[in-house]
Amino acid sequence: MYVLVVNAGSSSLKYQLFDMDGEKLIAKGNADRIGIDGVLEHQVIGRDKTKTPVPLPDHAAAIKTVLSTLVDKDAGCLDSISQISAVGHRIVHGGPWLTHPVMVTDESVADLEKCMLLAPLHTKGHLQGIEGCRKAMPGVPQVLVIDTSFHSTMPPKAYTYPIDWDTAQRNYVRRYGFHGTSHRYVSGVANEYLDVPADKSKIITCHIGNGSSITAVQGGKCIDTSMGFTPLDGIIMGSRCGAVDPAIVPHIMEAEHISPDEMADWMNKKCGLLGVSGVSSDMRNVRRAIEEGNERARLAVDILVYEIKKFIGGYTAAMNGLDCLVFTAGIGENDELVRSEVCRDMEFFGIKIDEEKNLAWRSLPVPGDISAPDSRAKVFVIATNEELMIARDTVAMCSMA
Ligand code: AMP
């Protein structure tokens, strides 16, 4: 069974084609600069990547171009579009309305439209991607897989902000959490390798990338997560500030004469590693600056490590224990120094890593077990795979339909 996973943003449509008999990735790419000048990046796995300018006036044109590329004699990998049995859409925000994977129907699309209130840019892109697929592939079942849904099991004490009740309710303000598909995937893999039964395990998953979030997963269910009403909450990120004293917001707006939109832009794009280091939002550049003796770059990474440690401590307390700590995403998978610094002086929490294994985790079998033999908690490095998770959910939904 072939499943096309689509991640539609406002001006891009990323895709991955899986053969789910064996869960093999067959092709992937990105129809980018939709509505601008149009570029198609495409790769059949095992062959070279291509980058071709193509007119992409809208999302329907983008998906048509992707489909015709997938069946192209030279660039493609399918004999016919009819080989694609289903489409899975990545949805960033389901709000309180979408808390499980659902088939694309008029009702579920109407629920997704409500999410325009909470995540207008992402939701607009998703709706256009879905509409484009419905037009280009009529009759092919489509599934919405929602990033926030993994966090819908949080108890009220974790998702309720201590603000005026009625105002919060009127405006749907609560912690939703993000990166849920990634946290679900890596905690699921971790559970397969722990000695503790999955319905009893206590896992902390650290998705540390350009955007970062940390989640406490108890018995396979999310009980708390660091991102909140928006992906701005939680720890320091590439260019996002994470949680700060809320009084800073009106203070800076008044002092710098900036509007709410400008303030939101500043918190999303000018802060985090970039804001503190003054160098870059990209960890590789920040690391280079540290090697050159840049003290603000060092401070930015010190803040990152310190905040991850504090979340680990907090979530270990919340779960009354820890069986496993998982690192994933761009920094979590690639930056051995962050893993090493986070796990240093954490014996109190039962965390101790083997530094040699930490350096060479890619040569270890899944789940990338880098814990020292005397570590009470396991420490795993697991490459995330949100697209595979979406493809699996799509297969599961289609088999129930
Ligand atoms: P993601 O958002 O998961 O794609 O992660 C992006 C982040 O991972 C960026 O800050 C990158 O600099 C960082 N990253 C990727 N490769 C490395 C590496 N080899 N060492 C350190 N950071 C890396």
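Numbers here simply count residues along the sequence, with the first being 1. Remember, it's 1-based here, ligands and their atoms both numbered in the order they're listed.
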Taking everything shown except [X] itself, do over 12 heavy atoms lie less than 6.0 Å from its [atom1]?
{"X": "K221", "atom1": "NZ", "answer": "no"}
{"X": "K357", "atom1": "NZ", "answer": "yes"}
{"X": "K202", "atom1": "NZ", "answer": "yes"}
{"X": "Y161", "atom1": "OH", "answer": "yes"}

**OP:** Find the distance between CD1 (I204) and OH (Y315) and round it off to the nearest 0.5 Å.
**Re:**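 Separation between the atoms: 8.5 Å.
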
**OP:** Measure the CD1-CD distance between I290 and E295 for me, rounded to the nearest 0.5 Å.
**Re:**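 Here the rounded value is 11.0 Å.
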
Any nitrogen or oxygen of [X], side chain or backbone, less than 3.5 Å from one on ligand 1?
{"X": "R284", "value": "yes"}
{"X": "G209", "value": "no"}
{"X": "H207", "value": "no"}
{"X": "I208", "value": "no"}

**OP:** Any atoms of ligand 1 less than 4.0 Å from a non-hydrogen atom of N210? List them with their elements.
**Re:**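 Answer, ordered by atom number: 1 (P), 2 (O), 5 (O), 6 (C), 7 (C).
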
Original post:
What atoms of ligand 1 come within less than 4.0 Å of a heavy atom belonging to I331?
Top reply: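 Going through ligand 1 atom by atom, the ones under 4.0 Å from I331 are 7 (C), 8 (O), 10 (O), 13 (C).
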
Name the closest protein heavy atom to [atom], giving the residue it belongs to and the distance to 0.1 Å.
{"atom": "atom 12 (O) of ligand 1", "answer": "D282 OD1, 2.4 Å"}
{"atom": "atom 21 (C) of ligand 1", "answer": "D335 OD2, 3.6 Å"}
{"atom": "atom 5 (O) of ligand 1", "answer": "G330 CA, 3.2 Å"}
{"atom": "atom 9 (C) of ligand 1", "answer": "M283 N, 4.0 Å"}
{"atom": "atom 19 (N) of ligand 1", "answer": "N334 CB, 3.4 Å"}

Subject >> Ion pair check, D393 and R184, cut-off under 4.0 Å >> reply: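 Between R184 and D393 there is a salt bridge, with a charged N closer than 4.0 Å to a carboxylate O.
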
**OP:** Answer yes if the ring centres of H93 and F178 are under 6.0 angstrom apart, and no otherwise.
**Re:**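 Yes, they do, as the ring centres are separated by less than 6.0 Å.
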
Original post:
For ligand 1, is there an atom lying under 4.0 Å from some heavy atom of R287?
Top reply: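 R287 does not count as a contact of ligand 1 under the 4.0 Å cut-off.
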
